[in-house]
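Step one of this worksheet: look at the structure below.
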Amino acid sequence: MRGLGPGLTARRLLPLRFPPRPPGPRLASGQAAGALERAMDELLRRAVPPTPAYELREKTPAPAEGQCADFVSFYGGLAETAQRAELLGRLARGFGVDHGPGLAEQSAGVLHLRQQRAVLLQAEDRLRYALVPRYRGLFHHISKLDGGVRFLVQLRADLLEAQALKLVEGPDVREMNGVLKGMLSEWFSSGFLNLERVTWHSPCEVLQKISEAEAVHPVKNWMDMKRRVGPYRRCYFFSHCSTPGEPLVVLHVALTGDISSNIQAIVKEHPPSETEEKNKIAAAIFYSISLTQQGLQGVELGTFLIKRVVKELQREFPHLGVFSSLSPIPGFTKWLLGLLNSQTKEHGRNELFTDSECKEISEITGGPINETLKLLLSSSEWVQSEKLVRALQTPLMRLCAWYLYGEKHRGYALNPVANFHLQNGAVLWRINWMADVSLRGITGSCGLMANYRYFLEETGPNSTSYLGSKIIKASEQVLSLVAQFQKNSKL
C-alpha cells in the first residue's frame, strides 16, 4: 500500500478527549502492575465480541455500545506508553484468529472440494470467515461510536510508536497493525475525503493547524504563513467527512515560471507582485507534503492529494503543463557518513573520491579526507568555506545521484521521499546543489534537494514499471551523475 513513507514526520492534530480515569488506591508497584493486568484481561473479555457461528453471523446482535465505550474510556485512562502497549499486545495475542483444529479442517476441506464449484465457494467463504481476527469486530464497533474513527487513528499511532520502541513485538502485533491499517484505508478512501484550499482568509484555527502541521519546512511566524498561502502560492489539505476542517495531509504548492531549484526562494522570498499574472505561471512546484496523523501512516493519502490538486490547478490554470516537486533528501548525510566511517575502518582507504578530489579537499581542510569530512559533514560549518563548497560539489552530486537511484531496499528506492514520488509515477528529474541552506537542509542532506517531475500522461506507465519491475525513470542529468559515480567511486 502506498503512503507517504517513514521519512515524513507526522504531527498530532486530532486530540482525543478521554474521560478522566477515576483515581484508585495507591498500591505498591508489584501490586499495581498485577491489578492493572487483571483489569486489562477483564476489560478485553467483556469488550471484544465473540465470533458467532458461521450460520448465525448475520443474526447475532451487535454488542452493547457500552462495552466498546468501556474499552475507549479505559484505554484513554492509561497515561503511560508502556501501559497502552501492554493492552494492545494482549489484544493482539489473545483475540486474533482461532488457530484451533477447526481451522485446519476447513483449510483441508477447501483443498478437497476443488472439483465441486458450488460447494467449494461456500467452503471458501467459511474459511475466510474463520480467518477474521476477533479484535476486528471490536474495531468495527468502535468505529460506529461518536469519535470512534478518530480514536482508532490514535490507537494505531500508539501501536506504531510501541513497535518502534520495541515495547510490543511479534507476528501477532504486526498482523493487528496490518488489519487496522486496512480498515483505515477503507474508511479514508478518496470518496470520503474533502479537498480544501487554505487562504489568508481561512479560519484562524485552520491556519494555526496548517502551521503546526508543517513538518518539512517549519513555519516561523504569521508573516511566513501569510506568504505560503498568498499570491503565487497554493495550500490544500484533505479532511475526512467525519471531521470536516481537520487537516489529514497538507500540500504546499509554488506557482513559478520554471522548475525551482532552491527552497529558500520559495519559502523566504516575497512573490513578484501581490496580484498574480497568469502569463508568469508556467510550473506548479510541490514543495512540502505533510501527514498530520501518525496513525494514517501507509494509508494512500498523499498520492490522492497530489492527483486532486493537479486537477484543481488545471481548472484554475488551463495552460499549466509543468508539475514537479522540490523535495528534501532525508538520510543522505547519514548514509554518506556511514560510508566514510566504514572506509576509515578499512585501513583508511578512500574510494568515494578521485585522487585529485582528495588532494584538493585535503589542502582546504588540512587533514585526512575521511576523518575531516566526517567531522565537517556532521555540522553545518563547512558551508562557510566557499572553496570547500566548490570542491565538494562534484563528488557529492554524484554520490547523491547514486543514493537516490542505486541504493535500494527490497528492490525499491531506499530513500523514502524518492520511493513515494517514484511510486506515483514521477521521474527523478534533477538534483540541485545548495538547494536548501537551512540548518536542517545542510545537516540532513548536505544542502541537496531533488526534483521529481510529473509528466501526467506518463505517470501510470512509470508507476507500473517501478512497482512491477522496479525500474526507476530518471533524466539525463541524473543518469550522467550515476555514470560518473560508477566510474569514479566505489562502495
| query | Do the side chains of Phe304 and Phe238 get nearer than 4.5 Å, heavy atoms only? | reply | yes
| note | On a heavy-atom basis, the closest approach of Tyr403 and Gly331 is OH-C, 3.6 Å
| Does the pair Glu86/Arg90 count as a salt bridge with the N-to-O cut at 4.0 Å? | yes
| request: Using a 4.5 Å cut-off on heavy atoms from C-beta on, say whether the side chain of Val229 contacts that of Ser202. | output: no
| query | Hey, which of His252, Arg234, Arg233 is the one that makes side chain to side chain contact (heavy atoms under 4.5 Å, CB included) with Arg228? | reply | His252
| Separation of Ser378 OG from Lys334 NZ (nearest 0.5 Å) | 12.5 Å
| To the nearest 0.5 Å, how far apart are OG in Ser189 and CG in Leu184? | 11.5 Å
| Under the side chain to side chain contact (heavy atoms under 4.5 Å, CB included) criterion, do Leu404 and Val478 qualify, and how do the steps go? | CA-CA 9 Å; Leu404 294 175; Val478 174; over 6 Å; no
| Residue pair Phe286, Leu305: steps toward the side chain to side chain contact (heavy atoms under 4.5 Å, CB included) verdict | CA-CA 11 Å; Phe286 312 127; Leu305 181 57; over 6 Å; no
| message | Given 3.5 Å as the limit, does a donor-acceptor pair link the side chain of Asp436 with the main chain of Ser438, or not? | response | yes
| Phe332 side, atom CZ; Leu337 side, atom CG - distance, nearest 0.5 Å | 9.5 Å
| request: May I ask you to check whether Phe95 and Tyr135 place their ring centres under 6.0 Å from each other? | output: no
| query | How far apart are the C-alpha atoms of Met176 and Phe139, what are their side-chain angles, what is the distance that settles it, and do they pass the side chain to side chain contact (heavy atoms under 4.5 Å, CB included) test? | reply | CA-CA 11 Å; Met176 188 169 78; Phe139 297 153; 4.0 Å; yes
| request: Could you tell me whether a side-chain N or O of Thr459 sits under 3.5 Å from a main-chain N or O of Gly425, the two making a donor and an acceptor? | output: no
| message | Can you see whether Tyr412 has Lys470 sitting over its ring - NZ or CZ less than 6.0 Å from the centre and within 45° of the normal? | response | yes
| request: Would you name the heavy atoms of Arg136 and Val179 that are closest together and state the gap between them? | output: CG-CG1, 4.0 Å
| task | Check the angle between the aromatic planes of Tyr287 and His217 and answer parallel, tilted or perpendicular using the 30° and 60° thresholds. | result | tilted
| task | Verify the distance criterion only: is there a donor paired with an acceptor across the side chains of Tyr75 and Asp158 at less than 3.5 Å? | result | yes
| Student check: side-chain heavy atoms of Gln423 and Thr303 closer than 4.5 Å | no
| Just by modelled atom types, is the Val48 backbone N or O under 3.5 Å from a matching donor or acceptor in the Arg134 side chain? | yes
| Just by distance, do the side chain of Glu212 and the backbone of Glu214 share a donor-acceptor pair under 3.5 Å? | no
| Which atom of Ser489 lies closest to which atom of Leu352, heavy atoms considered | OG-O, 2.7 Å
| field | Heavy-atom side-chain contact between Gln67 and His141 under 4.5 Å | value | no
| task | Carefully, step by step, assess Leu481 and Tyr405 under the rule side chain to side chain contact (heavy atoms under 4.5 Å, CB included). | result | CA-CA 10 Å; Leu481 289 169; Tyr405 184 85; over 6 Å; no
| said: Between Tyr454 and His421, is there a side-chain donor-acceptor contact under 3.5 Å, judged purely by atom types and distance? | reply: yes
| task | Look at the side chain of Ser185 and the backbone N and O of Lys181, then say whether any donor-acceptor pair between them is shorter than 3.5 Å. | result | yes
| task | Grab the two heavy atoms, one from Ala47 and one from Leu138, that are nearest each other, plus how far apart they are. | result | O-CD1, 3.6 Å
| Between the main-chain N or O of Asp224 and the side-chain N or O of Asn221, is there a donor-acceptor pair closer than 3.5 Å? | yes
| request: Look at Arg197 together with Glu312 and state whether they make a salt bridge at an N to O cut-off of under 4.0 Å. | output: no
| query | So which heavy atom on Ile210 is nearest to which on Cys235, and how close? | reply | CG2-SG, 3.9 Å
| Is there a donor-acceptor pair under 3.5 Å between the side chain of Ser463 and the backbone N or O of Gly460? | no
| Looking at side-chain heavy atoms only, is the closest gap between Leu87 and Phe74 below 4.5 Å? | yes
| query | Is it true that Arg46 and Glu42 have a side-chain N and a carboxylate O under 4.0 angstrom from each other? | reply | yes
| query | Okay, side chain of Ser327, backbone of Asn451: is any donor-acceptor separation there less than 3.5 Å? | reply | no
| task | Look up atom CD in Glu37 and atom CD in Gln83, then write down how far apart they are to the nearest 0.5 Å. | result | 10.5 Å
| Side-chain donor-acceptor pair present, Ser239, Glu246, cut-off under 3.5 Å | no
| said: Could you check whether any side-chain N or O of Thr443 sits under 3.5 Å from a backbone N or O of Leu439, counting only pairs where one atom can act as donor and the other as acceptor? | reply: yes
| query | At what distance, to the nearest 0.5 angstrom, does CD of Gln294 lie from CG of Leu159? | reply | 11.0 Å
| query | Mind checking whether Asn415 and Asn419 have side chains closer than 4.5 Å, heavy atoms only? | reply | no
| What's the spacing between Cys400 SG and Glu407 CD if we round to 0.5 Å? | 11.5 Å
| query | Does CG belonging to Asp146 count more than 12 external heavy atoms closer than 6.0 Å? | reply | no
| Do the side chains of Leu248 and Phe188 get nearer than 4.5 Å, heavy atoms only? | yes
| Under 3.5 Å donor-acceptor, Ser445 side chain and Gly441 backbone | yes
| query | Taking all non-hydrogen atoms of both residues, which atom of Arg156 and which atom of Leu296 are closest, and how far apart? | reply | NH1-C, 4.0 Å
| Going by heavy atoms in the side chains, are Leu448 and Ile431 under 4.5 Å from each other? | yes
